[in-house]
Amino acid sequence: MIATIAAHQVLSLRRQRIFMALLGTLLVMTALAGLLGWSSHRTIVRVYDEAVKILAADGKPAPPNPFELKPALSLLSNMAIYIPLIGALLALVLGHLSMADDQTDGVGRLIFTRQVSRRSYALGKILGAAGVLAVILAACLVVSAVSLLVVNRAVPSVGELGRLSLFYGLSWLYLMLFALIGMATVLMARRRTLALLSALGVWMVLTFAVPQFTSGLRPTSSLNPVSEPVSTSQAFFDVTAQARPFSVSEQYKEASARILDTAIPEPTSKTIRRVLPIAVLLSGVGALTAGLVSRHDYSRSSSGE
């Protein structure tokens, strides 16, 4: 029954063309990250070639190619920004539609006339969203590998593909958190529009407000995963900085930078600890969603909105 509900959810998203919209948006986002990496690579190489010519004319040796000193996966570093912004918003919409459509269409009132448990229903909905996000991120992984092949003119190594897989696995975990938030807000709010606005509010708090309080960053500075805090010398931010390990947005960016090898290396155990707040919050929101499903009154319909 869980698989049936999940399959129905995926079919519903495909019929509404939501699945293709999400897939297309994230693929374009991934291709854009590769394009920006290619443009940066081309600029660096062109400047280096001109510098080599000038140094050769003066009889001076040329320094090493700066591009060869950069990690290969640094071409995709922008993905660590796109996922918490665009990806998380799309995941919110996915989770919202997974629950809200059943109430609007009256499916929720009909499904429990059959021998379907609330637990199976909740797990089926979560499994459906998880499957959709997994397929989309797998496609993004393929696009990223192709981008590396085009820019580096070499097939990505096994280690690079492994790091890419870890990065998209972490991204799936992060996006599932927001998909569950989208589901939970539907079950908590009385109106569909209020549920979506509430989910967007949570996204803004986790993406902008919490990083600002825990790092002393301006809201726009939080878009840069390698920015250093600008005001941690203030007493207020000295206190709030203690909660930085619990900022899921920051920990995602920091862990992504280590996985993609674009930041200062750190022990693997420390990188794993960065992922724990995301996993814990994901588990908590998942349990909350399942609990809300078990208590939700599906006889009430929001079709009049």
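Computed from a prediction, not measured in an experiment: that's the story for all the values here.
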Trainee: Roughly how far, to the nearest 0.5 Å, is the CG atom of Leu11 from the OG1 atom of Thr4?
Mentor: 12.0 Å
Trainee: Can you check side chain to side chain contact (heavy atoms under 4.5 Å, CB included) on Leu288 and Leu292, steps first, answer last?
Mentor: CA-CA 6 Å; Leu288 173 63; Leu292 290 171; 3.9 Å; yes
Trainee: Within the side chain of Trp172, is there an N or O that forms a donor-acceptor pair under 3.5 Å with the backbone of Ala138?
Mentor: no
Trainee: Are Leu22 and Ile86 joined in one hydrophobic group, where the rule is that I, L, V, M, F, W and Y side chains link up if heavy atoms are under 4.5 Å apart?
Mentor: yes
Trainee: Would you compute the distance between atom CD of Gln9 and atom CG of Leu97 and round it to the nearest 0.5 angstrom?
Mentor: 8.5 Å
Trainee: Say you draw a straight line from CD of Glu250 to CG of Leu206; how long is it, rounded to the nearest 0.5 Å?
Mentor: 11.5 Å
Trainee: Backbone N or O of Pro265 within a donor-acceptor pair of the Arg258 side chain at under 3.5 Å?
Mentor: no
Trainee: To the nearest 0.5 angstrom, please state how far the CD atom of Glu254 sits from the CD1 atom of Ile264.
Mentor: 10.0 Å
Trainee: For residues Ser247 and Tyr252, is any side-chain donor paired with an opposing acceptor at under 3.5 Å?
Mentor: no
Trainee: Any pair with a residue in residues 178-189 that passes side chain to side chain donor-acceptor pair (under 3.5 Å), sequence neighbours left out, goes on the list, sorted by first then second residue, please.
Mentor: none
Trainee: Rounded to the nearest 0.5 Å, what's the gap from CD1 on Ile136 to OG on Ser171? Could you check?
Mentor: 12.5 Å
Trainee: Identify the two heavy atoms, one from Ala255 and one from Val275, that lie closest to each other, and give their separation to 0.1 Å.
Mentor: CB-CG2, 4.3 Å
Trainee: Check the pair Ser256 / Leu170 against side chain to side chain contact (heavy atoms under 4.5 Å, CB included), numbers first and verdict last.
Mentor: CA-CA 8 Å; Ser256 296; Leu170 174 62; 3.7 Å; yes
Trainee: In this structure, would Leu26 and Val146 fall into the same cluster of hydrophobic residues linked by side-chain contacts under 4.5 Å?
Mentor: no
Trainee: How long is the span from the CG atom in Leu281 to the CG atom in Leu180, to the nearest 0.5 Å?
Mentor: 9.5 Å
Trainee: Given side chain to side chain contact (heavy atoms under 4.5 Å, CB included), test Arg192 with His96 step by step and report yes or no.
Mentor: CA-CA 9 Å; Arg192 181 169 181 167; His96 174 83; 3.5 Å; yes
Trainee: To check you understand the geometry: which heavy-atom pair defines the closest contact between Tyr121 and Ile5, and what is its length?
Mentor: CA-CD1, 3.5 Å
Trainee: Quick one: does Arg14's side chain have a donor or acceptor within less than 3.5 Å of a partner on Phe19's backbone?
Mentor: no
Trainee: Which label fits Phe208 and Trp203: parallel for a plane angle under 30°, tilted from 30 to 60°, or perpendicular past 60°?
Mentor: perpendicular
Trainee: Is Met20 reachable from Leu137 through a run of I, L, V, M, F, W or Y residues, each pair having side-chain heavy atoms under 4.5 Å apart?
Mentor: yes
Trainee: Hey, does Met188 have a side-chain heavy atom less than 4.5 Å from the side chain of Ser198?
Mentor: no
Trainee: If I compare all heavy atoms of Ser77 with all of Thr262, which pair ends up nearest, and what's the gap?
Mentor: CB-CG2, 4.3 Å
Trainee: Under a single-linkage definition using a 4.5 Å side-chain heavy-atom cutoff for Ile, Leu, Val, Met, Phe, Trp and Tyr, are Met79 and Leu89 assigned to the same hydrophobic cluster?
Mentor: yes
Trainee: Can you name the closest pair of heavy atoms from Met183 and Gly95 and give their distance?
Mentor: CG-O, 3.3 Å
Trainee: Answer yes or no: is there a donor N or O on one side and an acceptor on the other, between the side chain of Lys125 and the main chain of Ser98, under 3.5 Å?
Mentor: yes
Trainee: For the hydrophobic clusters of this structure (ILVMFWY residues joined by side-chain heavy atoms under 4.5 Å, transitively), does one cluster hold both Leu92 and Ile278?
Mentor: yes
Trainee: With side chain to side chain contact (heavy atoms under 4.5 Å, CB included) as the test, would you mind laying out the steps for Ile83 and Met29 before giving the verdict?
Mentor: CA-CA 9 Å; Ile83 292 293; Met29 182 176 70; 4.1 Å; yes
Trainee: Do you know the tightest heavy-atom contact between Asn78 and Ala33?
Mentor: CB-CB, 4.3 Å
Trainee: Considering only residues two or more places apart or on different chains, which pairs with a residue in residues 136-149 satisfy side chain to side chain donor-acceptor pair (under 3.5 Å)?
Mentor: Ser144-Tyr168
Trainee: Please find the pair of heavy atoms, one from Pro211 and one from Val205, that lie closest to each other, and give the distance.
Mentor: CD-O, 4.1 Å
Trainee: According to side chain to side chain donor-acceptor pair (under 3.5 Å), does anything in residues 273-294 pair up with another residue at least two apart or in another chain? List the pairs.
Mentor: Gln251-Arg274, Glu266-Arg274
